[in-house]
Amino acid sequence: MCFLCLFLMLLMWVFVFISDGILDGLKYTSSHEWVKHEGSVATVGITHHAQDHLGEVVFVELPESGLSVSKGGSFGAVESVKATSDINSPVSGEVIEVNTKLTESPGLINSSPYEEGWMIKVKPSSPSELEALMGSKEYTKFCEEEDAAH
């Protein structure tokens with residue numbers, strides 16, 4: 001790997017550590033999923049905050065490509081050393097791709113929740129649903145309030 005690539009990866013990790021892993025440009029749900037909408041594709045995963053609370057992820061259950069998901073509906077589950085949690089879709093649509101790497105390496109959700117640890121890619125049937133989700137500032141505040149309540 002080139003020096004510049006390593007340096008950029010290090011900067012990303014520093015950012016994730018300092019900011020609790022809340023990235024600008026993504027949308028967030030109150031159940032701690034993130035979505036990145038690019039063109040006709042919405043990439044979905046769980047947030048750094050969620051994986052941090054779950055602990056080491058040991059198993060991931062994901063749907064098959066071609067299945068429909070509904071906004072707020074469960075599309076899979078994450079099992080960690082602490083708990084098993086449903087994963088909810090932030091948007092309705094058709095699953096067009098599944099991250100099969102997670103079957104063999106579920107820990108990618110812990111080490112790289114926004115890059116290698118993405119879960120599904122969806123072709124949204126109603127992209128306007130994304131407008132109701134939280135931006136990074138709203139999600140940061142939501143997490144702070146949720147953590148303070150526990």
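Rounding to the nearest 0.5 Å places SG of Cys143 at 10.0 Å from NE2 of His48. Note that OG of Ser80 and CD of Gln51 are 10.0 Å apart. Values are rounded to the nearest 0.5 Å. Annotation: the span from Ser65 atom OG to Ile96 atom CD1 amounts to 8.0 Å, rounded to 0.5 Å. Note: Glu61 CD to Phe75 CZ = 10.5 Å, rounded to the nearest 0.5 Å. One finds the CG atom of Asn88 at 11.0 Å from the OG atom of Ser70 (value rounded to the nearest 0.5 Å). Going from atom CG of Leu54 over to atom NE2 of His32 covers 9.5 Å, rounded to the nearest 0.5 Å.
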- Item | Stepwise side-chain hydrogen bond (donor to acceptor under 3.5 Å, both in side chains) check, Glu146 with His53 | CA-CA 12 Å; Glu146 186 178 66; His53 283 270; 5.9 Å; no

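Remark: side-chain polar atoms of Lys71 are paired, donor with acceptor, to backbone N or O of Glu129 under 3.5 angstrom.
Contact check for Leu67 versus Val69: no side-chain heavy atoms found under the 4.5 Å cut-off. Between Val78 and Met119, the closest side-chain pair of non-hydrogen atoms falls below 4.5 Å. Residues His49 and Tyr139 have side chains in contact (heavy-atom distance under 4.5 Å, counting atoms from C-beta outward). A heavy-atom distance below 4.5 Å is found between the side chains of Leu23 and Tyr28. Using a 4.5 Å cut-off on side-chain heavy atoms (C-beta onward), Trp118 and Leu108 make no contact.
Neither Met134 nor Val91 shares a network with the other; the hydrophobic side chains, linked directly or stepwise wherever heavy atoms of I, L, V, M, F, W or Y lie under 4.5 Å apart, form separate groups for each. Both Val57 and Leu62 belong to a common hydrophobic cluster when Ile, Leu, Val, Met, Phe, Trp and Tyr are linked at side-chain heavy-atom distances under 4.5 angstrom. Neither Leu26 nor Leu130 shares a network with the other; the hydrophobic side chains, linked directly or stepwise wherever heavy atoms of I, L, V, M, F, W or Y lie under 4.5 Å apart, form separate groups for each. If you chain together hydrophobic residues whose side chains sit under 4.5 Å apart, Val95 and Ile109 fall into the same group.
Minimum heavy-atom separation, Trp34 to Thr43: CZ3-O, 3.4 Å. Shortest non-hydrogen contact noted between Pro106 and Thr103 is CD-O, 4.1 Å. Here the closest heavy-atom approach between residue Gly135 and residue Glu138 is recorded as N-OE1, 2.9 Å.
The salt bridge (charged side-chain N to carboxylate O under 4.0 Å, His left out) pairs that include a residue from residues 28-37 are Lys36-Glu38, where partners are two or more places apart or lie in different chains.
The side-chain contact (heavy atoms from CB on, under 4.5 Å) test with Leu102 is passed by exactly one of Asn99, Val98, Thr100: Asn99.
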Distance-only donor-acceptor hits, side chain of residues 120-127, under 3.5 Å, sequence neighbours excluded:
| from | atom 1 | to | atom 2 | distance (Å) |
| --- | --- | --- | --- | --- |
| Ser125 | OG | Ser92 | O | 3.4 |
| Ser126 | OG | Ser128 | OG | 3.4 |

